[in-house]
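One structure is given here, and the rest of the page talks about it.
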Amino acid sequence: MFMPSVLAPGTHSIAVNGVAQYYHVSGIGPYCIAHAGGPGIDASYLRLPLLEESLTMVYLDPIGTGSSGRLATHPQGYSVDRFSEQLLAFIDASGIPEPYLLGHSHGAFVVLEAALKRPGGLKGLIMYAGAAYTGGAFMADASAEIAAFVARHAGTAEAKAVERAWASIPTIRTDAAYTAALRDLLPAYMSDFRRWPDMLATLQRRLQATLLVGDGQVFDVRDRLDTLQVPALVVTGTDDFILGPRHAALLADLLPQAQMRIFEQSGHFAHIEEACAFAEAVLRFTGRPGRALSGI
């Protein structure tokens with residue numbers, strides 16, 4: 001089977017919408033494009049080796065992050081709309097036929113917006129820790145969850161770091177400060193950071209972030225989802241403090257062809273906290289049961 005060089009295994013960069021788009025290809029099977037979260041986080045934390053047994057994973061460094069290029073307006077201009085246009089243009093430029101789109105956190109907003117703009121030619125959507133709406137009390141609820149985390153772990157170094165980092169976010173102005181704050185916040189994003197100290201340390205080491213600024217608009221696609229006739233898998237962790245089951249349930253309810261899976265021992269990183277269960281859910285959705293997962 002002929003494989004275009006831009007889709008050969010390995011790392012690549014192609015010009016998309018006038019910006020260098022960096023990505024990594026690994027695996028075998030139908031194509032699944034993975035868009036990382038943030039905004040401003042590169043793809044290094046989102047590698048999914050269990051999926052690569054049955055899917056060709058294409059991991060994007062979102063524009064402005066990692067090795068990808070920056071907008072001329074950097075750090076301004078990184079809206080969900082602009083990210084989604086980049087994703088659609090990348091699909092065209094790379095020639096990927098009927099991909100699945102997997103978006104994590106902010107990446108789930110991007111993937112959803114891209115699908116709403118162009119539902120044709122997509123095999124399916126994996127909405128991982130996403131939402132249909134982030135207005136109203138979204139940030140107030142997240143702040144309350146952070147306060148609850150700090151109270152539960154009062155006196156620990158992790159609680160102090162989380163509290164300090166959350167309070168610092170509105171005043172952050174540099175990439176280094178943004179990366180440091182997100183690394184300090186990671187314990188709150190996990191179901192129980194004490195269970196997996198090595199996992200936490202690895203996440204903190206791998207996470208690299210760029211401070212990006214969007215358009216300040218609330219993400220709200222609730223009134224558009226009933227038209228999206230694309231199969232969708234909505235997944236999140238029970239203990240995801242910012243994009244948990246409540247958001248997943250609304251999203252799944254509004255999407256005409258959605259199924260939902262909640263991971264009971266995960267926070268925001270089910271692909272790491274429950275790696276096998278996460279991979280099994282995705283591969284069942286894509287109809288590609290993985291060889292490594294037989295017997296699960």
Side-chain angles (χ1 to χ4, degrees), residues 26-37 41 43-59 99-109 111-112 123-131 145 149 186-204 206-207 230-253 255 257-296:
S26 184
I28 186 169
Y31 288 99
C32 179
I33 302 172
H35 197 290
I41 301 176
S44 58
Y45 79 96
L46 195 56
R47 291 294 174 86
L48 299 157
L50 292 178
L51 295 188
E52 294 169 12
E53 298 254 340
S54 301
L55 296 170
T56 301
M57 298 301 301
V58 181
Y59 304 98
Y100 290 95
L101 301 182
L102 185 156
H104 178 232
S105 195
H106 181 268
F109 306 157
V111 162
L112 188 54
K123 197 77 169 178
L125 305 175
I126 298 103
M127 311 300 302
Y128 172 22
E145 291 292 334
F149 173 90
L186 283 174
Y189 279 93
M190 299 179 71
S191 176
D192 186 349
F193 68 90
R194 297 165 300 186
R195 279 205 322 257
W196 309 109
D198 293 341
M199 181 189 300
L200 174 59
T202 299
L203 265 174
Q204 289 175 321
R206 287 181 177 173
L207 190 142
V230 177
L233 174 65
V234 178
V235 299
T236 193
T238 295
D239 298 319
D240 188 336
F241 84 90
I242 195 165
L243 287 163
R246 178 167 58 88
H247 294 287
L250 176 61
L251 187 54
D253 185 57
L255 285 165
Q257 295 191 54
Q259 52 186 279
M260 184 171 68
R261 173 70 187 273
I262 306 297
F263 298 97
E264 297 182 359
Q265 298 182 55
S266 294
H268 198 61
F269 297 103
H271 75 285
I272 299 173
E273 295 174 89
E274 294 181 76
C276 287
F278 180 90
E280 179 195 24
V282 172
L283 293 176
R284 287 188 185 280
F285 170 70
T286 62
R288 306 284 296 185
R291 293 186 300 275
L293 304 180
S294 60
I296 289 181

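Residue numbers run from 1 in the order of the sequence given. Any value given below was found using the heavy atoms of this structure, including those in side chains, with hydrogens, waters and symmetry copies removed.
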Taking all non-hydrogen atoms of both residues into account, name the closest pair between [X] and [Y] and its distance.
{"X": "L55", "Y": "C32", "answer": "CD1-CB, 4.3 Å"}
{"X": "S54", "Y": "P30", "answer": "O-CD, 3.6 Å"}
{"X": "A258", "Y": "A252", "answer": "CB-O, 3.6 Å"}
{"X": "H271", "Y": "Y128", "answer": "ND1-OH, 2.7 Å"}
{"X": "L243", "Y": "S105", "answer": "CD1-OG, 3.7 Å"}
{"X": "P245", "Y": "G237", "answer": "CD-O, 3.4 Å"}

Given the rule in the side-chain contact (heavy atoms from CB on, under 4.5 Å) test, do V58 and Y31 qualify, once you have shown the distances and angles that lead to the verdict? CA-CA 7 Å; V58 181; Y31 288 99; 4.0 Å; yes
For [X], check side-chain hydrogen bond (donor to acceptor under 3.5 Å, both in side chains) against everything at least two apart and list the hits.
{"X": "Y59", "answer": "E52"}
{"X": "R195", "answer": "none"}
{"X": "H104", "answer": "Y45"}
{"X": "D253", "answer": "none"}

Any [X] side-chain heavy atom under 4.5 Å of [Y] side chain:
{"X": "L50", "Y": "C276", "value": "yes"}
{"X": "L125", "Y": "L255", "value": "no"}
{"X": "I126", "Y": "Y100", "value": "yes"}

Rounded to the nearest 0.5 Å, how far does CE of M57 lie from OG of S26? 9.0 Å
Supply the atom-to-atom distance I272 CD1 to M190 CE, rounded to the nearest 0.5 angstrom. 7.5 Å
Counting only N and O atoms by type, is there a donor-acceptor contact under 3.5 Å from the side chain of T56 to the main-chain atoms of G29? yes
Please tabulate, one pair per line, all N/O donor-acceptor pairs under 3.5 Å involving side-chain atoms of residues 196-204, not counting sequence neighbours.
from	atom 1	to	atom 2	distance (Å)
T202	OG1	D198	O	2.9
Q204	NE2	R183	O	3.0

Under the side-chain contact (heavy atoms from CB on, under 4.5 Å) test, which residues partner [X], sequence neighbours left out?
{"X": "Q259", "result": "L233, F285"}
{"X": "A248", "result": "V234, T236, M260, I262"}
{"X": "S266", "result": "F263, A270, E273, E274"}
{"X": "H106", "result": "P39, V80, F83, F109, V110"}

With side-chain contact (heavy atoms from CB on, under 4.5 Å) as the criterion, how do Y189 and I242 come out once you've worked through the C-alpha distance, each side chain's angles and the decisive distance to 0.1 Å? CA-CA 8 Å; Y189 279 93; I242 195 165; 3.9 Å; yes
Derivation of the side-chain contact (heavy atoms from CB on, under 4.5 Å) call for M127 and L112: CA-CA 8 Å; M127 311 300 302; L112 188 54; 3.5 Å; yes
Checking L48 against F278 for the side-chain contact (heavy atoms from CB on, under 4.5 Å) test, could you report, in this order, the C-alpha distance in whole Å, the side-chain angles of both residues, the deciding distance, and whether it holds? CA-CA 10 Å; L48 299 157; F278 180 90; 3.9 Å; yes
Output every pair passing salt bridge (charged side-chain N to carboxylate O under 4.0 Å, His left out) with a member in residues 230-249, not counting sequence neighbours, ordered by first then second residue. D141-R246
Residue set satisfying salt bridge (charged side-chain N to carboxylate O under 4.0 Å, His left out) with R206, at least two apart, ordered chain then number -> none
